[in-house]
Amino acid sequence: MSAIQFLQWLTQAIYVLISIVVIGAAVRRATRVRVNIALFFGITTLIIAQGWVVRALGIPAGRMVSALTISLLLALPYVLVRLVNDFTTVPTWILRTAEVGLALCVASIVAFSPNMPLGVTLPLVLYFFVINAYVAVAFLRAARRTSGVTRRRMQAVAFGSGFLGLTILLAGLRAVQPAALREAFTLVQQLTSLASGISYFVGFAPPTLLRRAWQEPALRAFLGRAASLPQLPDTAAIVAELERGAVEALGAPHASIGLLDEASGKLLYTGPDGLVPFDTDALIGGRAFTTQEPVFSADAARDDPAHADLYRSTGALAILAAPITAGRKWLGVLSVFALRAPIFAEEDLRLVQLLADQGAVILESRALIDEAARVRAREEATRLKDDFLSVAAHDLKTPLTTLLASAQLMERRALRRPEAPPDLGSIRRIVGESIRLRGIVVELLDAARTEQGRLIGRREPTDLTEVAREVGARHTSGRHHVAVETPGPIVGVYDRLRIAQLLDNLVENAVKYSPAGGDVTLRLWEAEGMARLTVADHGIGIPPADLPRLFDRFHRAANVDDRNFAGMGLGLYIYRGIVEEHGGRMTVSSTLGAGSTFEIALPLRAEGDTETDGEESDERVGHEQHI
Ligand code: ADP
């Protein structure tokens with residue numbers, strides 16, 4: 001047996017084998033697509049069988065036999081058009097044209113066979129090629145619109161049509177082939193015919209193993225992403241990712257998740273304009289939800305006529321749906337849909353359930369993360385309130401005790417000796433402690449304002465150099481010298497009182513946390529449209545571990561305590577608020593035991609460069625200056 005003969009037998013055997021498989025499938029369950037696939041391979045087998053019979057009998061094919069063979073061959077592209085229609089939509093006029101064309105072809109074959117003139121043969125060849133080309137293009141276009149396994153199937157079918165066209169072309173060229181090349185031509189023709197049969201088979205009826213292999217990369221990618229999905233910013237983002245995973249794994253054009261909304265008792269699906277509520281038993285997805293079983297509908301418009309229009313308008317005619325359920329908690333439903341049922345295979349229902357189960361785990365983890373965050377936020381709020389109360393009470397208690405003691409002392413003296421001159425020492429203590437008390441109360445109020453972002457009031461052109469010089473003069477003493485280094489006036493539009501408070505307090509801190517004395521330097525300059533400012537000291541410094549939380553409310557560094565440095569740990573929180581409300585930023589750097597530098601950058605021009613910050617800011621302009 002020559003190589004060509006062997007190849008011919010192999011091709012024919014494979015075609016017959018495929019025919020047995022697909023005809024068997026159609027007999028087991030006669031869906032439209034299965035019948036069409038069986039028809040396609042059945043016709044090919046018939047053509048092959050005809051050749052065998054003719055050869056076995058050793059007689060040349062009769063007129064009717066060859067007419068039948070050619071008619072069967074021409075029926076192939078028509079069956080392919082029907083298959084295109086099973087997987088995507090074919091305009092009715094094309095279907096009708098293909099039918100009429102086929103009828104005309106058969107009629108002319110019967111009339112003219114076996115000696116058909118060129119005028120008849122040419123239109124037949126043209127019919128075959130045009131229809132076949134349409135099939136190839138239709139499947140290629142469908143492949144572009146889909147992904148994953150469906151895309152590969154569509155591509156395989158398009159290749160099949162390409163190979164079929166080539167096979168027929170080579171057969172047609174037989175008459176004009178040079179004799180020397182005849183063998184090579186026949187060989188190539190055998191190969192293209194084999195390739196076409198296999199391509200059609202894997203495209204139309206891929207064996208389960210192949211389908212799984214095609215699905216695997218998408219599934220693997222989805223499962224790889226799954227672990228990180230609960231960390232996405234919100235449930236909507238998780239739902240979108242789950243839908244994408246289902247689309248890719250199944251090679252379906254669309255997927256949609258409906259999540260149970262506890263408040264309304266409805267399933268909320270994501271539509272183009274936001275969430276769309278549906279009763280829990282509505283749609284095909286609702287059936288899967290209420291029965292808690294996966295559901296397959298080959299024709300959703302027929303199975304659920306109430307929503308037929310919706311299915312048609314969204315191209316959701318074949319639907320696979322599976323409940324998303326975590327333990328006994330019904331979370332929602334995953335629906336995957338396509339225009340045509342043959343896009344899906346039977347085992348896809350199990351795959352959708354698997355994806356829905358995976359979705360349930362992801363959504364549950366997300367719910368747990370949200371719950372944990374809520375608990376943490378509640379704990380944090382309670383802790384802050386406790387901190388606030390204890391710090392406030394503690395800091396208010398000291399001056400109040402002194403105040404009370406001094407007032408009681410004055411009272412006793414006045415009772416004992418009403419004629420005695422007023423006790424100036426006690427009065428001064430009372431005034432001093434009252435001022436301290438007011439300072440603490442102002443700081444507490446400012447902290448609340450910072451929280452609400454309502455610190456700054458009317459803005460006006462303010463020369464930072466001038467403010468810095470005033471502050472420097474106020475804090476320079478025998479122990480500390482406050483140096484102001486500046487290139488000249490630096491004018492920006494700021495809340496002057498707040499800026500003065502900011503510099504005052506930063507310098508006050510620098511002095512307070514430099515108990516051994518030393519210079520404090522206030523340096524100002526301009527860079528990149530910003531006013532820059534540093535307050536540097538040579539004091540106790542800040543432990544590196546405290547730097548990240550230094551601007552938090554009530555945070556005091558580990559190297560300070562109430563016995564040596566009075567304070568609440570609210571100041572920096574407020575100062576940073578002042579800077580940020582002006583659109584600037586504030587940072588700190590420090591070397592423990594060597595000193596600290598606070599650095600501020602403030603925009604020179606306020607947004608829109610207005611002098612005031614709106615109407616209501618006038619009400620706030622009367623805030624007290626920190627003492
Ligand atoms: P308070 O000074 O009332 O404690 P602040 O908010 O002003 O509150 O400061 C928070 C903490 O930052 C201080 O408790 C101190 O530990 C640290 N700190 C602030 N300024 C300096 C500085 N110039 N040098 C060293 N530590 C500082």
Side-chain angles (χ1 to χ4, degrees), residues 384 387-399 435-451 455 468 471-472 474-477 479-484 498-523 533-581 585-600 624-627:
L384 275 174
D387 278 3
F388 184 82
L389 281 177
S390 63
V391 172
H394 177 263
D395 280 83
L396 291 172
K397 201 177 133 207
T398 321
I435 289 172
R436 231 180 107 191
L437 257 181
R438 190 176 70 165
I440 292 169
V441 171
V442 166
E443 201 163 61
L444 291 171
L445 285 174
D446 278 351
R449 283 204 180 102
T450 310
E451 172 81 344
L455 269 175
V471 169
R474 233 185 340 266
H475 290 280
T476 294
S477 65
R479 282 176 78 80
H480 299 95
H481 174 68
V482 182
V484 178
R498 285 297 188 192
I499 293 291
Q501 176 191 357
L502 166 74
L503 297 192
D504 228 17
N505 285 293
L506 282 178
V507 174
E508 199 175 286
N509 267 1
V511 168
K512 178 163 81 176
Y513 295 112
S514 305
D519 280 357
V520 173
T521 313
L522 246 167
R523 203 158 78 81
L533 199 152
T534 53
V535 180
D537 63 54
H538 299 95
I540 59 169
I542 300 157
D546 285 295
L547 288 175
R549 297 192 52 209
L550 205 69
F551 294 92
D552 288 0
R553 265 182 299 193
F554 303 122
H555 189 85
R556 306 201 73 202
N559 60 338
V560 308
D561 65 41
D562 281 356
R563 276 172 314 216
N564 45 20
F565 300 101
M568 282 197 290
L570 274 180
L572 288 180
Y573 172 68
I574 297 165
Y575 316 150
R576 167 118 91 178
I578 294 175
V579 172
E580 288 181 351
E581 277 190 47
R585 45 177 207 280
M586 175 166 171
T587 51
V588 60
S589 58
S590 179
T591 309
L592 189 59
S596 315
T597 303
F598 287 85
E599 179 162 354
I600 292 166
E624 293 111 304
Q625 168 126 35
H626 189 97
I627 295 154

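Note that ligands are numbered from 1 as they come in the structure, with each ligand's atoms numbered from 1 the same way.
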Using a 3.5 Å cut-off on N/O to N/O, what pairs does ligand 1 make with the protein? A line per pair would be great.
unit_1: ligand 1; atom_1: 2 (O); unit_2: Lys512; atom_2: NZ; d: 3.2
unit_1: ligand 1; atom_1: 2 (O); unit_2: Tyr513; atom_2: OH; d: 2.7
unit_1: ligand 1; atom_1: 3 (O); unit_2: Met568; atom_2: N; d: 3.1
unit_1: ligand 1; atom_1: 3 (O); unit_2: Gly569; atom_2: N; d: 3.2
unit_1: ligand 1; atom_1: 4 (O); unit_2: Tyr513; atom_2: OH; d: 3.2
unit_1: ligand 1; atom_1: 4 (O); unit_2: Arg556; atom_2: NE; d: 2.6
unit_1: ligand 1; atom_1: 4 (O); unit_2: Arg556; atom_2: NH2; d: 3.1
unit_1: ligand 1; atom_1: 4 (O); unit_2: Gly569; atom_2: N; d: 3.3
unit_1: ligand 1; atom_1: 6 (O); unit_2: Gly571; atom_2: N; d: 3.1
unit_1: ligand 1; atom_1: 6 (O); unit_2: Leu572; atom_2: N; d: 2.7
unit_1: ligand 1; atom_1: 7 (O); unit_2: Asn509; atom_2: ND2; d: 2.7
unit_1: ligand 1; atom_1: 8 (O); unit_2: Gly569; atom_2: N; d: 3.3
unit_1: ligand 1; atom_1: 14 (O); unit_2: Tyr513; atom_2: OH; d: 3.3
unit_1: ligand 1; atom_1: 14 (O); unit_2: Arg556; atom_2: NE; d: 3.1
unit_1: ligand 1; atom_1: 16 (O); unit_2: Ala557; atom_2: N; d: 2.9
unit_1: ligand 1; atom_1: 20 (N); unit_2: Asn509; atom_2: ND2; d: 3.4
unit_1: ligand 1; atom_1: 23 (N); unit_2: Asp537; atom_2: OD2; d: 2.8
unit_1: ligand 1; atom_1: 24 (N); unit_2: Ser596; atom_2: OG; d: 3.3

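At least one side-chain heavy atom of Leu506 sits under 4.5 Å from a side-chain heavy atom of Met586. Taking the side chain as every heavy atom from C-beta outward, Tyr575 and Asn509 approach each other to under 4.5 Å.
With sequence neighbours left out, the side chain to side chain contact (heavy atoms under 4.5 Å, CB included) criterion links Ser590 to Ile542, Leu547, Ser596. For His555, the side-chain hydrogen bond (donor to acceptor under 3.5 Å, both in side chains) partners two or more places apart in sequence, or in a different chain, are Asp546.
The salt bridge (Lys or Arg N to Asp or Glu O under 4.0 Å) pairs that include a residue from residues 565-580 are Arg576-Glu580, where partners are two or more places apart or lie in different chains.
Ion pair Arg498/Glu581 not flagged as a salt bridge, since none of the NZ, NE, NH1 or NH2 atoms sits closer than 4.0 Å to an Asp/Glu carboxylate oxygen.
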